[in-house]
Number of protein chains: 2
Amino acid sequence: MALKHSRQRDAVYNFLKDRKDHPTADTIYAGVRDEYPNISLGTVYRNLMVLRDTGKIRTVDVGDGVIHFDADTSEHNHFICTRCGRVEDLEMESIDRVKEIAAANFAGKITGYSAYFYGVCERCLAEQKEPADRQDREQTTG
Amino acid sequence: MALKHSRQRDAVYNFLKDRKDHPTADTIYAGVRDEYPNISLGTVYRNLMVLRDTGKIRTVDVGDGVIHFDADTSEHNHFICTRCGRVEDLEMESIDRVKEIAAANFAGKITGYSAYFYGVCERCLAEQKEPADRQDREQTTG
DNA sequence: TTAATATTGATAACCGTTACTATTATTATA
DNA sequence: TATAATAATAGTAACGGTTATCAATATTAA
């Protein structure tokens with residue numbers, strides 16, 4: 001099935017591409033509804049998956065059981081705050097070597113990797129915020 | 001609520017502790033039913049979460065939408081085969097430094113991390129197996 | 001023993017995601 | 001520009017893993 005243009009797909013992508021946070025389908029759905037009040041949640045999901053499969057966006061599995069989406073497809077890692085749940089990009093140098101190190105003593109073929117760092121974000125550190133609904137575990141699922 | 005002893009909880013833990021794969025709740029449920037045919041799936045889930053919260057086991061989020069469980073709580077990383085879905089432990093040296101590298105240019109506090117490597121496992125490489133129900137993407141969700 | 005209470009089994013509810021389908025929008029072609 | 005082919009949509013139902021509920025049971029302390 002050859003891809004056809006779709007205004008709704010554009011709207012989904014445009015909503016995501018200017019964002020630095022990593023919203024879930026629900027947030028994207030709510031945002032796009034400003035422009036397309038009748039858009040269906042299924043349409044949002046379908047287009048998000050199409051955009052992922054065509055390499056326009058990537059999915060980010062934070063470990064909270066909900067899929068997050070990221071328009072930045074460049075290789076980078078993520079930090080997840082165990083207090084507020086915020087997901088931030090994490091720029092770090094020389095992590096490219098990690099893949100090589102892992103491949104060194106592994107019999108299979110490694111094609112990619114993703115790393116997730118957990119802790120307390122700058123904002124929560126400053127606020128010394130109470131742990132909210134989200135549990136403040138040292139290590140979340142992952 | 002002070003923890004009370006439970007035979008079912010022991011069975012869940014004993015099933016998991018000798019395993020090198022990273023079974024899901026369903027697999028554990030099926031396994032424990034050999035010994036406790038009337039155990040409920042809810043009981044398995046509840047005890048798995050209790051075991052996690054008490055640090056006896058850890059959860060592993062592979063990115064397939066299902067929680068995997070691992071009795072090895074030592075810090076180690078995982079490899080996920082994009083063909084057969086197998087999850088293997090990945091021993092790699094000098095990855096301890098990764099956390100330090102990440103913390104170097106980050107304002108928050110990093111307490112832990114987990115890395116997931118994707119690729120084709122040794123067995124699938126040998127068999128040149130056809131991609132099954134699981135999509136053979138280079139980068140799965142994550 | 002008895003009393004207090006954590007745990008269980010059974011089942012319903014929950015919720016993020018996916019599938020279904022008649023209708024509509026997009027694109028190619030005449 | 002009209003027409004035909006078909007991809008995409010809105011609305012909604014279904015799906016599946018996980019969580020919540022609750023009366024009955026097991027565990028522990030006294």
Side-chain angles (χ1 to χ4, degrees), chain A residues 1-15 22-54 56-57 59-69 85 87 133-135 137 140-142, chain B residues 1-15 22-54 56-69 85 87 133-135 140-142:
Chain A
M1 52 174 174
L3 220 55
K4 268 181 186 171
H5 181 253
S6 138
R7 303 170 190 278
Q8 287 89 337
R9 183 149 58 234
D10 286 351
V12 167
Y13 178 71
N14 287 332
F15 177 85
H22 304 71
T24 64
D26 239 34
T27 306
I28 297 166
Y29 175 55
V32 173
R33 265 156 71 92
D34 291 344
E35 191 180 357
Y36 290 88
N38 295 329
I39 196 172
S40 170
L41 180 58
T43 298
V44 171
Y45 269 105
R46 195 182 336 102
N47 281 316
L48 284 169
M49 295 316 171
V50 169
L51 289 167
R52 181 192 61 181
D53 292 345
T54 55
K56 300 282 201 324
I57 67 173
T59 50
V60 181
D61 190 343
V62 172
D64 60 355
V66 193
I67 306 176
H68 294 246
F69 297 90
V87 183
D133 51 320
R134 184 179 176 79
Q135 286 187 47
R137 291 193 293 273
T140 67
T141 177
Chain B
M1 49 172 176
L3 221 53
K4 268 180 186 169
H5 181 252
S6 138
R7 304 170 189 278
Q8 288 89 337
R9 182 149 58 233
D10 286 350
V12 167
Y13 178 70
N14 288 332
F15 178 85
H22 304 71
T24 63
D26 239 34
T27 305
I28 297 165
Y29 174 55
V32 173
R33 265 156 72 93
D34 290 346
E35 191 180 356
Y36 290 88
N38 296 329
I39 196 172
S40 169
L41 180 58
T43 299
V44 172
Y45 269 106
R46 194 180 337 102
N47 281 316
L48 284 169
M49 296 315 172
V50 169
L51 289 166
R52 181 193 60 181
D53 292 346
T54 55
K56 301 281 201 327
I57 67 174
R58 61 156 33 176
T59 50
V60 180
D61 189 344
V62 172
D64 60 356
V66 192
I67 306 176
H68 294 246
F69 297 89
V87 182
D133 52 318
R134 184 178 175 80
Q135 287 187 46
T140 68
T141 178

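So that the names make sense, note that chain A is the first sequence line, chain B the second, and so on, each numbered from 1.
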Spacing of CG belonging to A:D61 relative to CG belonging to B:D61, to within rounding of 0.5 Å: 4.0 Å
Rounded off to whole Å, could you give me the CG-to-P distance for the B:D53 and D:dT19 pair? 11 Å
Distance-only, no hydrogens or angles: does the B:H22 side chain make a donor-acceptor pair with backbone N or O of B:H68 under 3.5 Å? no
When you check the side-chain N and O atoms of B:Y13 and B:R9, is any donor under 3.5 Å from an acceptor? no
When rounded to whole Å, the CG to P distance for the pair B:N47 and D:dT19 reads 13 Å
Separation of C:dT7 C1' from B:L51 CG (nearest whole Å): 13 Å
Measure the distance from NE2 on A:H5 to P on D:dT9 and round it to the nearest whole Å. 10 Å
Nearest-nucleotide wise, let me know which of B:L3 and B:A25 is further upstream toward the 5' end of DNA chain D. B:A25
CG of B:L48 to CD1 of B:I28: how many Å apart, nearest 0.5 Å? 4.5 Å
Would you say the side chain of A:H5 lies within less than 4.5 Å of the side chain of A:D10, judging by non-hydrogen atoms? yes
Return no unless some side-chain N or O of B:S6 is found under 4.0 Å from OP1 or OP2 of C:dT8. yes
Checking contacts here: which listed nucleotide (C:dT8, D:dT28, C:dT27) is nearest the side-chain heavy atoms of B:T43? C:dT8
Starting at OG1 of B:T59, measure out to CG of B:L51 and round the result to the nearest 0.5 Å. 11.5 Å
Short heteroatom pairs, N/O only, protein and nucleotides 3-5 of chain C, under 3.5 Å:
unit_1	atom_1	unit_2	atom_2	d
C:dT5	O2	B:K4	NZ	2.5

Expressed as a whole number of angstroms, how long is the span from B:R7:CZ to D:dA26:P? 9 Å
To the nearest 10 degrees, how far apart in direction are the end axes of the helix from C:dT1-D:dA30 to C:dA30-D:dT1, each fit to five base pairs? 40°
Shortest non-hydrogen separation from B:S6 to B:N47 and the atoms involved: OG-ND2, 4.4 Å
Any residue in residues 31-39 of chain B with a heavy atom nearer than 4.0 angstrom to DNA chain C? Just list them by number, or reply none. B:N38, B:I39
Identify all side-chain donor-acceptor contacts of residues 34-46 of chain A below 3.5 Å with residues at least two apart in sequence or on another chain.
unit_1	atom_1	unit_2	atom_2	d
A:S40	OG	A:G42	N	3.2
A:T43	OG1	A:R46	NH2	3.4

Just how far, in rounded Å, is C1' of C:dT17 from CZ of A:R52? 12 Å
Rounded to whole angstroms, how far apart are CG on B:D64 and P on D:dG17? 10 Å
Interatomic distance, A:I28 CD1 vs C:dG16 P [rounded to whole Å]: 14 Å
Is there a side-chain contact between A:M49 and A:I67 in this structure, where contact means two heavy atoms from C-beta onward sitting under 4.5 Å apart? yes
Treating primed atoms plus P, OP1 and OP2 as sugar-phosphate and everything else as base, which nucleotides of nucleotides 18-24 of chain C get B, S or - for protein heavy atoms under 4.0 Å? B------
Less than 4.5 Å apart, any side-chain heavy atom of B:F69 and any of B:T24? no
In residues 8-15 of chain B, which ones come under 4.0 Å of DNA chain C, going by heavy atoms? B:Q8, B:R9
